There are 2 protein chains.
Amino acid sequence: MATIKEVAAHAGVSVATVSRVVNKNGYVSEDLRLRVTEAMHLLDYKPSALARSLRRQESLTVGVLVPGLNQPFFAALVTIIQTTLFAAGYRIIICSSEESSDDEAAYVDMLIRQRVDGAIIAPTGRSSEAITPLLSKIPVILIDRDLPNLPVNRILANNFQGGYDAMEHLLRLGHRDIALIGAQPHSASMDQRIHGARRAIADAGMAANSLRTLISERSEFDVGYAFTRDLLRRKRRPTAVFALTDVIAIGVLHAAAEVGLKLPDELSVVGFDDIPLSSYLIPSLTTVAQPINRMGEAAADLLLSRIKEGHPEPFESLLLDMKLMLRASTVHHRRGA
Amino acid sequence: MATIKEVAAHAGVSVATVSRVVNKNGYVSEDLRLRVTEAMHLLDYKPSALARSLRRQESLTVGVLVPGLNQPFFAALVTIIQTTLFAAGYRIIICSSEESSDDEAAYVDMLIRQRVDGAIIAPTGRSSEAITPLLSKIPVILIDRDLPNLPVNRILANNFQGGYDAMEHLLRLGHRDIALIGAQPHSASMDQRIHGARRAIADAGMAANSLRTLISERSEFDVGYAFTRDLLRRKRRPTAVFALTDVIAIGVLHAAAEVGLKLPDELSVVGFDDIPLSSYLIPSLTTVAQPINRMGEAAADLLLSRIKEGHPEPFESLLLDMKLMLRASTVHHRRGA
DNA sequence: TAAATTCCTGAAAACGTTTTCCCTTGAAGG
DNA sequence: CCTTCAAGGGAAAACGTTTTCAGGAATTTA
């Protein structure tokens, strides 16, 4: 691969001049500029980002650390973050910890060695241990999942409000016996959703035990199905289910369909996340939409501004509203909706 | 951030010695080794991957270029690739072109400047133009989507066989009027699936026009629903649908449910991909499974071996079998299956 | 015309590593 | 006792850029 020296030699100028042409700064005569660009094309010269980063002491790279690329929510989030940052001249190194704190720590270490200029992190687990090494070195944005009491920037969605709205919706429809189903990983976000739901129950003047809370230790895929099948066998069936994620809700729908329940009349279901598929389910799923695009863009923008200013502070927190999407799993809907 | 010089000064040795300790090569006495490691811990020294890559002329980084992280298939593929390569000491830069050839070209250029040691690419579109600049410089693995007549390594799934098996399955069930539904992006893989399906028709001794082929210019999300609703209104309805992707199939299920069709008796549906959700749909979806894990691992392994050997050749192609997953959308299944 | 700017260019230092080369020391072999 | 050799360690070059510094030429200003 051609280096700046070869280009300089080929054009009969110094490397400094080539550098000036490449970066469009400093003075260089039209004559030489032409000779240099010609040589660059001829040799197919591509400046080494490595060398440039080393000298400039900035890598134009940011780390994005998520608990699982397989989760549609994070896939969407990463996509928007990547698009936004690439447009601003940054590349991203994506790390998927697969909900393992050990892997998370390993990735953090790698990002430090890689000298990334900043990081956007949706942490796994409840401890900040794995990511603290980063905090003192570069700007960090916590996204989607909070870690309390940490001096750091945050972009969060209002899970409390989302949980509240979902539950309030069910209560307004007249449901008085509701099951709440959750699974692993049981993050702070999940806690918030549950708290919101409980608050809605309390605000409606109902007893706390009118909400049955079922949290599994297993991962979300099977849980909705298993719990619901179980619930539907009892003498006292709940009339509605609030699933803490859409994937769980899909399992709920499955179990309900299996015993021939008519939705939303015999059972109403609310999910959480609004993954792309939820409007295509049968019946389409009422769910709480995360403002994914706004979260991703806000995180990217906030990180960029912190990088420009040279350091993390002042810390900023953004709490974005969730939006309840009414669909056929709780209300009768228009044809084709 | 502490540099190797500061560590050396702190330990009272030369930088060469520190380097030897870090990389565990060369001779260094137990005494000094101790002093050095102590200094490293004290200063929280993390070697700069930038400087190291520059000097070693290898970045230990590979580029992964996919047409869309949002597509569950690619999210899963990237996850396994990332895990495999990270374990081998490599980091990956992920690029999601969102099916735009221009973005793809921009990412390729970035990867070159970044001096990645290799790349794994699922190209968008039918032209190899965007990625050719890479081919002459570093080892490249084409994955999932083929570009014919290119001197390059390939890891592909047998889309022809998958299409054949899906269609053969429907024919065995007695279907004689079948619709095939496809959407954008219409890659070579899609062509292969269609060819496979047609071959199955021919092998069964049936006329080519017993298969109605509908390919939309729009993207997959709405297509299954729209086409199916249309099909079901005609006097002569197909008795089965072969959807070229699971996401399309979900739309088909939706449309069928809307008019109250009983599956699989009144309509049978086969999808393609076996995304995680397909077994949780209602009814669960018969589909052709891509060997995602094997593809990802094979791509990573092949790339690593080409990198070690210093250059792309000899080119290798691996064609992996697809597997038909029988579920409730075509056959009556066991309870809970 | 002298002085001050502005324009243009090159030499060389710097970024943080790895690695080659060379020098010392101590021990083993003759 | 001299020679070899292995172990241990430092100085300095190299990787490919950017940027500072210095200086010359051309142009403007006084």
Side-chain angles (χ1 to χ4, degrees), chain A residues 1-37 39-40 43-61 89 91 110-117 137-138, chain B residues 1-37 39-40 43-61 89 91 110-117 137-138:
Chain A
M1 188 134 313
T3 77
I4 197 173
K5 266 185 207 162
E6 305 176 52
V7 175
H10 205 276
V13 301
S14 74
V15 297
T17 301
V18 178
S19 175
R20 282 190 268 257
V21 171
V22 169
N23 298 290
K24 305 191 207 305
N25 58 17
Y27 296 108
V28 39
S29 67
E30 198 49 33
D31 181 28
L32 287 197
R33 170 184 310 280
L34 223 64
R35 294 227 307 271
V36 169
T37 49
M40 289 188 347
L43 300 176
D44 191 26
Y45 171 64
K46 308 275 183 184
S48 158
L50 258 44
R52 173 181 304 190
S53 295
L54 178 60
R55 165 67 219 221
R56 286 233 185 113
Q57 295 289 84
E58 63 171 357
S59 61
L60 295 181
T61 301
R91 2 188 181 301
M110 181 267 278
L111 291 175
I112 293 175
R113 299 170 124 86
Q114 210 65 24
R115 298 293 190 270
V116 295
D117 294 335
K137 302 191 177 65
I138 53 170
Chain B
M1 189 131 313
T3 77
I4 198 173
K5 268 185 206 162
E6 305 175 51
V7 175
H10 206 274
V13 301
S14 74
V15 297
T17 302
V18 177
S19 175
R20 283 190 266 255
V21 170
V22 168
N23 298 290
K24 304 191 207 307
N25 58 17
Y27 296 111
V28 39
S29 68
E30 198 49 32
D31 180 26
L32 286 199
R33 172 185 308 282
L34 223 64
R35 294 228 306 271
V36 169
T37 49
M40 287 188 350
L43 299 177
D44 191 26
Y45 172 64
K46 309 275 183 185
S48 159
L50 259 43
R52 173 180 306 190
S53 297
L54 178 60
R55 167 66 219 219
R56 286 231 184 115
Q57 294 289 83
E58 64 171 354
S59 61
L60 294 182
T61 301
R91 3 189 181 303
M110 181 267 278
L111 292 175
I112 294 175
R113 300 171 124 85
Q114 210 65 26
R115 298 295 190 269
V116 295
D117 294 335
K137 302 190 176 66
I138 53 171

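Treat the numbers as computed from the prediction; the structure is a model and nothing was measured. We name chains A, B, ... by the order of the sequence lines, and we start the count at 1 in each one.
- Side-chain contact between B:Arg20 and B:Leu32 is absent, with no heavy atoms from C-beta onward closer than 4.5 Å.
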**Heavy-atom protein contacts under 4.0 Å, nucleotides 9-18 of chain D, coded B base, S sugar-phosphate only, - none** = BBB-BBBBBB
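- When all heavy atoms of B:Ser53 and B:Ser59 are compared, the pair lying nearest together is OG-CA, 3.5 Å.
- Five base pairs at each end of the helix from C:dT1-D:dA30 to C:dG30-D:dC1 define two local axes, and these are offset by 40° (rounded to 10°).
- Remark: side-chain polar atoms of B:Ser19 are not paired, donor with acceptor, to backbone N or O of B:Val15 under 3.5 angstrom.
- Distance check, rounded to the nearest 0.5 Å: CE of B:Met110 to CZ of A:Arg91 gives 6.5 Å.
- Looking at every heavy atom in both residues, B:Val7 comes nearest to B:Val36 through CG1-O, 4.3 Å.
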**Item:** A:Thr17/A:Arg35 under side-chain contact (heavy atoms from CB on, under 4.5 Å): CA gap, chis, key distance, verdict
**Value:** CA-CA 11 Å; A:Thr17 301; A:Arg35 294 227 307 271; over 6 Å; no
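- Looking at heavy atoms from C-beta onward, B:Met1 lies in side-chain contact with A:Arg115 at the 4.5 angstrom threshold.
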